[in-house]
Structure formats: C-alpha cells, structure tokens
Trainee: 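Below is one structure. I have some questions about it.
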Amino acid sequence: EAVLGTVAHRTIELALDERNIDDAWSQGCSEEEARTGIDPMGFPAARRTLLRLRKYVPRLLELLTGMPDSERLPETWLETADKALGGKPDLVVVSPHHTATVIDYKTGLVTTDGEMKSDYIRQLLFYGALVDECLQAIPETLALLSLREGVIQVEPDSEGMAEVAAEARAWRSQFNDRVPGAQPANASEENCQWCRFAARC
C-alpha cells in the first residue's frame, strides 16, 4: 500500500503538468523501481490503482481548470515564522486574489456513513491554517482527492483552523516540556500502524 501510494502521488503530480495519466504512471513506477529496486507494477493491486487514477484524476484536473492564472505549489513545505508548525500539503493553489485551494491525496476511503473522517478534517484544517499563516492566502477550498471516492470537500472554517493550530502548538509545547524524559504512550492500532518503532515498543 505504501509503495503504490507513493507512485499514485507521483502520478498525480506529473498529471498536473499535463502528462498523460498512463505515461505519468509508467514514469512513477520506473522512478520507484530505480529508488528501491521494487517494481510496483508487479503488485496485485497495481492495475486497480491505475484504473482509479484514470477515473478520478480527471476530476481534479477539471477542478483546477476553473482556476486560471493561479500558482500551483505541489508538495511544498510550509513552516510558520516561529517554526512551531510545519507541513507539506500535496497541492496548494493560490489565486491572484490571495485565496487558496488546498488538496491532499488519499488512496483509500475517506468517509464513514457519508461524512469525511474526523482525522482527515483536522488534517485539512491544519493545512488551511498553515496556508493562511505562511502564504497570507485565505483558504477558500479544502478537499481530499480519494482514489476510492473522488474529490470531497470540507468547509474551511476559520475558527476550526485556529483551534487546530492552537492545539498543535500546545502539544508541541507539552512534548518539549518533557524532553529529555519519556513521552506518555498513547498506543492503539490506529496510532501505531505507521510507526517504525512499533515492533520494539
């Protein structure tokens, strides 16, 4: 899943530069094989991933077509002036009027019972806060491109963005206050699934 997710992200990035999706997919697979020695095309889910890219990436491109003369910032690191917060949205599009569209890519399902999962909403609100603070652009659209469900938007609530940013700063402060002591564990299947220390924890 991680390898195909990486290739899918790269394919979308190349497709934004008006590359044919199939050609972008082939290049993404070649780059991943050169980097890791693993051929993504050999995975059973590879063809399914390509089919989903063919289906949903045009919807993203259609959305962007309605934003002429805008600056596209793919995979751009954003960091606040106090260096307390940082992140890298998959795509930020800034209009000449200093409004912004923030889009993140997901390979799996992003909704439950028709509503976007709360963790993804918080992630988008956090990215919105970064865009507002770092680029001085007002987030007008926050959206996920899911390769299972298409483009799904959430309301860019200014109070919600401020709250998420404040919580992140508070958590960072709490972490620093405990250093060099041990941090409190909050182990769960969801929290630990991507942690490289899980086997030793």
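The shown structure was predicted, so the numbers you read here are calculated from the model rather than taken from an experiment.
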Trainee: Under a 3.5 Å distance rule, please check whether S95 uses its side chain to pair with a backbone N or O of T99 as donor and acceptor.
Mentor: yes

Trainee: Examine distances only and state if a side-chain atom of T36 and a backbone atom of E32 form a donor-acceptor pair shorter than 3.5 Å.
Mentor: yes

Trainee: Are L124 and M116 side-chain neighbours, meaning at least one heavy-atom pair lies under 4.5 Å?
Mentor: yes

Trainee: With hydrophobic residues grouped by side-chain heavy-atom distances under 4.5 Å, do I12 and L14 end up in a single group?
Mentor: no

Trainee: Is the shortest distance from a Lys or Arg side-chain nitrogen in E149 or K106 to a carboxylate oxygen in the other one below 4.0 Å?
Mentor: no

Trainee: Would you call L16 and L60 a side-chain contact if the rule is heavy atoms closer than 4.5 Å?
Mentor: yes

Trainee: If you measure only the distance, is there a donor-acceptor pair under 3.5 Å linking the side chains of Q27 and E31?
Mentor: yes

Trainee: Would you confirm whether D17, through its side chain, and R19, through its main-chain N or O, come within 3.5 Å as a donor-acceptor pair?
Mentor: no

Trainee: Under 3.5 Å, is there a donor-acceptor pair between the side chain of Q183 and the main chain of F175?
Mentor: yes

Trainee: If hydrophobic clusters are built from ILVMFWY residues whose side chains come within less than 4.5 Å, do L51 and Y56 share one?
Mentor: no

Trainee: What about M161 and V102, same hydrophobic cluster or not, with Ile/Leu/Val/Met/Phe/Trp/Tyr joined at side-chain heavy-atom distances under 4.5 Å?
Mentor: yes

Trainee: Is there a side-chain contact between M41 and W25, using heavy atoms and a 4.5 Å cut-off?
Mentor: yes

Trainee: Which heavy atom in A8 sits nearest to a heavy atom in L53, and how many Å separate them?
Mentor: O-CD2, 4.1 Å

Trainee: Which heavy atom in L85 sits nearest to a heavy atom in A165, and how many Å separate them?
Mentor: CD1-O, 3.8 Å

Trainee: Donor-acceptor pair, distance only, cut-off 3.5 Å: does the side chain of D90 make one with the backbone of Y105?
Mentor: yes

Trainee: Suppose the criterion is salt bridge (charged side-chain N to carboxylate O under 4.0 Å, His left out): which pairs have a residue in residues 153-162, not counting sequence neighbours?
Mentor: none

Trainee: Which atoms form the tightest heavy-atom contact between L130 and G87, and what is the distance?
Mentor: CD1-N, 3.4 Å

Trainee: When you measure from the side chain of D104 to the backbone N and O of P89, does any donor-acceptor pair fall under 3.5 Å?
Mentor: no

Trainee: Between R72 and V93, is there a donor-acceptor pair closer than 3.5 Å when you use the side chain of the first and the backbone of the second?
Mentor: no

Trainee: I need the C134 SG to L73 CG distance, nearest 0.5 Å.
Mentor: 11.5 Å

Trainee: Is there a continuous path of hydrophobic side-chain contacts, each under 4.5 Å between heavy atoms, that joins L147 to L144?
Mentor: no

Trainee: What heavy-atom pair brings I21 and P58 nearest, and what distance separates the two atoms?
Mentor: CD1-CD, 3.9 Å

Trainee: Would you say the side-chain atoms of S188 pair up with the backbone N or O of N191, donor to acceptor, closer than 3.5 Å?
Mentor: yes

Trainee: So how far is it from T49 OG1 to F43 CZ, rounded to the nearest 0.5 Å?
Mentor: 10.5 Å

Trainee: Look at the side-chain heavy atoms of Ile, Leu, Val, Met, Phe, Trp and Tyr, link any pair under 4.5 Å apart, and say whether V7 and L145 land in one connected group.
Mentor: yes

Trainee: Does a side-chain N-to-carboxylate-O contact under 4.0 Å join E133 and K83?
Mentor: no

Trainee: With distance as the sole test, does T65 use its side chain to make a donor-acceptor pair with the main-chain N or O of L63 at under 3.5 Å?
Mentor: no

Trainee: Within a strict 4.5 Å, meaning less than it, do heavy atoms of the M67 and L64 side chains meet?
Mentor: yes

Trainee: Considering all heavy atoms of both residues, which atom of T107 and which atom of R148 are nearest to each other, and what is their separation?
Mentor: O-CG, 3.3 Å

Trainee: Check P156 against L142 and note the closest heavy-atom contact, atom names and distance.
Mentor: CA-CD1, 3.6 Å

Trainee: Just wondering, do P139 and D132 contact through their side chains at under 4.5 Å, heavy atoms?
Mentor: yes

